[in-house]
Amino acid sequence: MNGIFASFVRHFLVLVLASTAAMFTGSAKADEITFELRIERDLVAPDKRLLRVKQGDVVTLRWSTDRPMILHLHGYDIETKAEPGAVAEMNFTARATGRFPVSVHRPKQGGGHTHEAPVVQVEVYPR
């Protein structure tokens, strides 16, 4: 009986350790987060100007606008063209932590572009 009891205890401990590990790794699971963002007269609603996510999250920024523009997410180097009457998307996995502005790129006379003040800031926190 002693061997059967010891085997039971070993199996029980393995089960407890495996379920405990699953609890901790499950809490670090990345989320899929979508933000609906409307730009009117070059502004986003005040409650949408700071977007907070965690490292590893899969993020979608869905843009609608009242005029054509090119939006640039700095730090991730993602650009998208937004047009009135359509939804433009930026998709990325939040790998880098920090604060990353999204600004409008305007064509510059003679070539290149200028950056305007950010329309939103994306803050990525460590998980």
Side-chain angles (χ1 to χ4, degrees):
M1 281 252 196
N2 203 6
I4 293 173
F5 181 74
S7 176
F8 172 78
V9 169
R10 274 194 306 275
H11 283 86
F12 178 76
L13 289 174
V14 167
L15 180 62
V16 168
L17 290 173
S19 61
T20 302
M23 283 182 358
F24 285 110
T25 57
S27 65
K29 184 177 180 255
D31 293 324
E32 291 185 20
I33 301 171
T34 300
F35 295 96
E36 301 288 338
L37 303 160
R38 173 87 183 140
I39 302 173
E40 291 184 21
R41 296 187 196 128
D42 293 333
L43 296 173
V44 172
D47 65 329
K48 302 277 183 149
R49 291 182 188 159
L50 180 60
L51 311 175
R52 292 183 172 115
V53 299
K54 290 188 178 171
Q55 192 173 26
D57 287 348
V58 178
V59 181
T60 300
L61 307 179
R62 292 177 42 88
W63 299 96
S64 57
T65 182
D66 59 352
R67 64 181 182 82
M69 62 182 61
I70 296 173
L71 297 161
H72 180 210
L73 173 59
H74 294 269
Y76 285 87
D77 202 24
I78 299 171
E79 281 190 359
T80 190
K81 186 174 183 178
E83 298 279 345
V87 174
E89 288 191 358
M90 286 181 169
N91 302 295
F92 64 99
T93 299
R95 289 189 173 91
T97 59
R99 181 179 271 202
F100 305 95
V102 178
S103 60
V104 176
H105 278 191
R106 301 247 189 253
K108 207 161 124 178
Q109 201 168 24
H113 61 267
T114 62
H115 294 146
E116 296 192 359
V119 289
V120 301
Q121 299 272 355
V122 179
E123 285 186 348
V124 180
Y125 293 89
R127 186 157 296 276

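Note that the numbering runs from 1 along the sequence shown for the chain. All values below were derived from every heavy atom in this structure, side-chain atoms included, with hydrogens, water molecules and symmetry-related copies excluded.
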Does the side chain of [X] reach to within under 4.5 Å of the side chain of [Y], using non-hydrogen atoms?
X      : Y      : result
Val124 : Arg95  : no
Asp77  : His72  : yes
Leu37  : Leu51  : yes
Asp66  : Arg38  : yes
Val59  : Tyr76  : no
Arg62  : Thr34  : yes
Ile78  : Thr80  : no
Phe35  : Val120 : no

**Q.** Residues Tyr125, Arg52; criterion side-chain contact (heavy atoms from CB on, under 4.5 Å); working and verdict
**A.** CA-CA 8 Å; Tyr125 293 89; Arg52 292 183 172 115; 3.4 Å; yes
Mind listing the closest non-hydrogen atom pair of [X] and [Y] along with its distance?
X      : Y      : answer
Ala30  : Gly56  : CB-O, 2.9 Å
Ala88  : Ala82  : CB-CA, 4.0 Å
Lys54  : Arg127 : CB-NH2, 3.4 Å
Pro84  : Pro68  : CD-N, 3.6 Å
Ser103 : His74  : OG-NE2, 2.8 Å

